[in-house]
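Here's the structure, in structure tokens; my notes come after.
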Amino acid sequence: MAFPVKTSLRLGSVSSVFGAYTPLNDFFLALGAAAFIVEAWAFIDAITRPGQAFVATGKKTKQLWLIILGVAAVVGLAGVVYKIGPTSILTVAAFVAAAIYLADVRPKVKGFRNGGGTSSGPYGPW
């Protein structure tokens, strides 16, 4: 005579813990995807800016920023694909690099005019 196998889950078992946090995992995945979008945007924006603008505004070189933002975008993509989440130190560092570019470097480089010799002062033409 065979006894039936008991299949109920105990409180605190691994299966019930992972099932309880599914919405949180989905939230972190969406947050990681949003971070990747910001990193990709920063990388694409850096590609479109002229190289002289970076040096003229004192923000290192375009090549250095392309390397930093390219690595940040790859780390962000890996975080989304492998579901690492935005709480890993690498994904946080990648997002911070993109945020620094977008908040500090981009406004200065965006205002750079290629060609120089215009008759504009700080408050308009003169």
Side-chain angles (χ1 to χ4, degrees):
M1 181 169 178
F3 294 104
V5 177
K6 188 174 181 182
T7 61
S8 66
L9 295 174
R10 295 186 327 241
L11 182 63
S13 71
V14 175
S15 297
S16 66
V17 170
F18 286 124
Y21 290 109
T22 300
L24 188 59
N25 288 339
D26 293 341
F27 172 74
F28 280 142
L29 182 63
L31 198 59
F36 168 67
I37 290 170
V38 169
E39 294 154 2
W41 172 38
F43 181 67
I44 291 169
D45 184 76
I47 290 172
T48 63
R49 303 296 171 193
Q52 306 92 348
F54 290 86
V55 178
T57 56
K59 299 297 180 185
K60 304 296 180 191
T61 63
K62 179 177 181 175
Q63 291 80 14
L64 179 65
W65 277 109
L66 287 177
I67 290 170
I68 291 170
L69 296 173
V71 169
V74 169
V75 168
L77 179 63
V80 171
V81 170
Y82 295 113
K83 298 179 183 175
I84 295 173
T87 57
S88 169
I89 189 71
L90 288 177
T91 55
V92 170
F95 182 76
V96 167
I100 288 172
Y101 173 80
L102 291 172
D104 183 39
V105 178
R106 183 177 184 260
K108 301 274 173 51
V109 174
K110 186 178 179 184
F112 181 79
R113 298 283 183 243
N114 203 1
T118 64
S119 63
S120 290
Y123 304 107
W126 47 277

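The analysis underlying the following values was restricted to heavy atoms, covering all of them including side chains, and did not include hydrogens, waters or symmetry mates. As the structure is a prediction and not an experimental result, all values here were calculated from the model.
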### Query
Taking atom CD of E39 and atom CD1 of I68, what is their separation to the nearest 0.5 Å?
13.0 Å
### Query
Under a 4.0 Å N-O cut-off, is there an ion pair linking D104 with K59?
yes
### Atom pair OH (Y82) and CG (L77), whose distance is rounded to the nearest 0.5 Å
9.0 Å
### F95 reachable from V80 in the ILVMFWY side-chain graph, under 4.5 Å edges
no
### Query
If you group Ile, Leu, Val, Met, Phe, Trp and Tyr by side-chain heavy-atom gaps below 4.5 Å, do V109 and I47 land in one group?
yes
### Query
Where does the angle between the aromatic ring planes of W65 and Y101 fall among parallel (under 30°), tilted (30 to 60°) and perpendicular (over 60°)?
tilted
### Task
Of all the heavy-atom pairs spanning A98 and L69, show the shortest one and how long it is.
CA-CD2, 3.8 Å
### Query
Are V38 and L31 linked, directly or through other ILVMFWY residues, by side chains that come within less than 4.5 angstrom of each other?
no
### Task
Find the distance between OG1 (T57) and CZ (R106) and round it off to the nearest 0.5 Å.
13.5 Å
### Query
What's the verdict on side chain to side chain contact (heavy atoms under 4.5 Å, CB included) for K60 and F54, showing C-alpha distance, side-chain angles and the deciding distance?
CA-CA 6 Å; K60 304 296 180 191; F54 290 86; over 6 Å; no
### Considering all heavy atoms, the nearest F36-G76 contact
CD1-C, 3.8 Å
### Query
Got a donor-acceptor contact below 3.5 angstrom from the K62 side chain to the Q52 backbone?
no
### Task
Report the distance from atom CG of N25 to atom NZ of K83, rounding to the nearest 0.5 Å.
9.0 Å
### Task
Could you grab the distance from atom CD1 of I84 to atom CG of L90, nearest 0.5 Å is fine?
7.5 Å
### Message
According to a hydrophobic-cluster definition based on side-chain heavy atoms being under 4.5 Å apart (Ile, Leu, Val, Met, Phe, Trp, Tyr only), do W41 and V71 belong together?
### Response
no
